[in-house]
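All ligand and atom numbering here is 1-based and tracks the order in the structure. All residue numbers in this chain count up from 1 along the given sequence. Hydrogens, waters and symmetry mates play no part in the numbers below; they use all other heavy atoms, side chains included.
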Amino acid sequence: MNKHKLFLNGEWLDSAAGETFEDINPATLETIGLFQKGSMDDVNHAVDSAEEAFDSWSRTPPPQRAKILYRAARLLEERKEELARLMTMENGKVLPEARGDVQEAIDMAYYAAGEGRRLFGETTPSELPNKFCMTVRRPIGVVGLITPFNFPLAIPAWKIMPALVSGNTMVLKPSSDTPLLAVELIKILSHAGVPEGVINLVTGVGGEAGTALIKSRKVKAISFTGSLETGKWILSESGKDMKRISLELGGKNPIIVMDDAKIDLAVDGVLWGAFGTTGQRCTAASRVIVEEKVLPEFQRKLILRAKGLKAGSGLDESVDMGPLINGGQLAKVERYVQIGADEGARLVYGGSRINPLPGYFFLPTIFTEVTAEMRMAQEEIFGPVLSLIRAEDLSQAIEIANSVAYGLSSSIYTENIKNAFQAIERLDAGITYVNAPTIGAEIHLPFGGVKATGNGAREAGTTAIDEFTDLKTVYFDYSDRLQKAQIDTQN
Ligand code: UN1
């Protein structure tokens, strides 16, 4: 059995307490490897190493830092197929999706590397003569990155690549469900030339390693993708020492289907949005809000197509849907199926585990006659469970779409441009798609949500650099005299 280590100050080490945990293949329930269960001592070691490395890394010219990212991108590219196969074994997602996940990390590495020759500030005239004004970007310091299981390479890359090119040093704490891909990513970054101490890896469980990272006073910022509950705790805990926090939390993402939509296109989009990645995306579509007239046709076609989805090992290229990540998630999905039935929603397809498959497999599941206020339609399930909700018109559809706590992704299928622009204007979400499902964000655009989905932070795109830099405003006075802003400018 492979035993993996922590990466601290450029060295692969056992955890201080010597404890380990098992990483399980969710499709077969076989153990993939043993990983170190990092504790507070290990986190402190990692943070001290990152702090030590900060001075030199932050003063390395950004284009030099970027060269390392370009190398990492090329190494990821060379190993794309191998990494995708490891990911399917560890996470369960089907191979084409695992390849997409690796590609997202490659894209982010190249994109962030390009920022090495940008990292733009602004210049603007002064209100006074012989004075120059500008902003410059500075790295934040030691940053803590806490990542989920559902994008084992892409989400760590979304955080690591921009944080690196911006000159920060860091500690990554990946999900205990997907430590293997994190280890592989760190190896690649280290081979690409990231200096020792600049990036550190502490695998382990959230309650221990994650908590230690959040409580460390030397950590200046935390970037977290995960549950609302943990996000709220991080935010309140970090207020005590004024850490900068960026949160990407849950979603309850709606797709609106209008009477005038291309129905087959909408069915295609809903299937992919709801059941792709077995519904385990923050951006997964979990509610379809359908205008009355087309509801019967849409429902019939959707159920037919859902029945045709094949679940099984993601390594089998004919499979559409892999397993859920672990027993806890499976139990949660089962609980929500019961909640839906108790609330009076009608189960029209799925609703149970797939036997005799040994892993955590669950059928694509569709409920109809769901109403907006049901728990089914309000709470994030993070599995292949879709609620169909009827709407009278666009206004009611938008009202239903906005009636949840979250606001990450959203979508409308319509051939009417006025409907589309109404949706863009009125949907409370960080992302709106027109005639495309709620998933599939591209790395060069800002990603994030409103309301309970986050705290206003946006990852990726040009905003990725905002997440990991501080702006300094510079006033440069070359007048050789004291000039008083607001006062010398009067009359
Ligand atoms: C997530 O589930 O947290 O837009 C991220 C998408 C992916 C990223 C999802 N590119 O679905």
Side-chain angles (χ1 to χ4, degrees), residues 84 87 91-94 96-112 145-162 172 174-175 177-178 181-182 223-231 234 246-255 268-286 321-322 324-325 329 380-386 406-411 427 429-434 436-455 457-461 463-464 467:
M87 190 183 300
N91 163 289
K93 66 172 71 180
V94 295
E97 288 194 39
R99 292 185 188 118
D101 192 320
V102 182
Q103 189 58 48
E104 207 165 329
I106 295 167
D107 293 342
M108 185 46 105
Y110 279 120
Y111 180 78
L145 313 175
I146 305 178
T147 55
F149 73 84
N150 64 338
F151 280 83
L153 267 188
I155 294 182
W158 280 18
K159 298 184 193 298
I160 290 170
M161 304 303 176
L172 172 67
S175 163
D177 285 310
T178 52
L181 269 293
S223 179
F224 171 76
T225 302
S227 74
L228 173 60
E229 196 192 2
T230 308
I234 291 176
S246 109
L247 300 173
E248 297 295 352
L249 310 175
K252 192 72 192 172
N253 312 294
I255 294 182
D268 264 349
V270 168
L271 269 186
W272 173 230
F275 303 127
T277 331
T278 322
Q280 299 175 111
R281 294 199 195 202
C282 305
T283 49
S286 55
M321 221 176 83
L324 289 159
I325 189 69
Q329 272 307 119
E380 186 177 52
I381 301 173
F382 227 65
V385 182
L386 182 64
Y406 298 104
L408 180 53
S409 189
S410 57
S411 147
L427 283 171
I431 304 169
T432 295
Y433 289 88
V434 178
T438 51
I439 65 176
E442 300 176 28
I443 63 96
H444 56 299
L445 285 110
F447 180 92
V450 299
K451 301 199 285 185
T453 291
N455 58 343
R458 291 289 182 275
E459 291 192 288
T463 45
E467 188 184 357

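In terms of protein heavy-atom proximity, atom 4 (O) of ligand 1 is closest to Ala441 N, 2.7 Å. The shortest contact between atom 7 (C) of ligand 1 and any protein heavy atom is with Arg281 NH1, 3.7 Å. Ranking protein heavy atoms by distance to atom 9 (C) of ligand 1, first place goes to Phe151 CE1, 3.6 Å. With hydrogens left out, the protein atom closest to atom 6 (C) of ligand 1 is Gly440 N, 3.2 Å, a heavy atom. Scanning the protein for heavy atoms near atom 5 (C) of ligand 1, the closest one is Phe447 CZ, 3.9 Å.
Glu459 has a carboxylate O that lies under 4.0 Å from a charged side-chain N of Lys159, or vice versa, which qualifies the two as a salt bridge.
Summarising the geometry of Asn150 relative to Arg281, their closest heavy-atom pair is ND2-CA, 3.6 Å, with the distance given to 0.1 Å.
No side-chain donor-acceptor contact under 3.5 Å links Asn253 to the backbone of Thr438.
Here is the list of ligand 1 atoms found below 4.0 Å of a heavy atom in Ile439: 11 (O).
For a threshold of 3.5 Å applied to N or O pairs, the pair formed by Thr283 and ligand 1 contains at least one separation below that value. Between Cys282 and ligand 1, at least one pair of N/O atoms sits closer than 3.5 Å. Where the criterion is an N or O separation shorter than 3.5 Å, residue side chain and backbone included, Asn150 meets it with respect to ligand 1.
Of the inter-residue distances, the one linking Asn91 atom CG with Leu181 atom CG reads 8.0 Å to the nearest 0.5 angstrom. The line from OH of Tyr110 to CE of Met161 is 11.0 Å long, rounded to the nearest 0.5 Å.
Residue-ligand proximity: Ile155 is placed with a non-hydrogen atom under 4.0 Å from ligand 1.
For Glu104, every heavy-atom contact with ligand 1 shorter than 4.0 Å involves the side chain, none the backbone.
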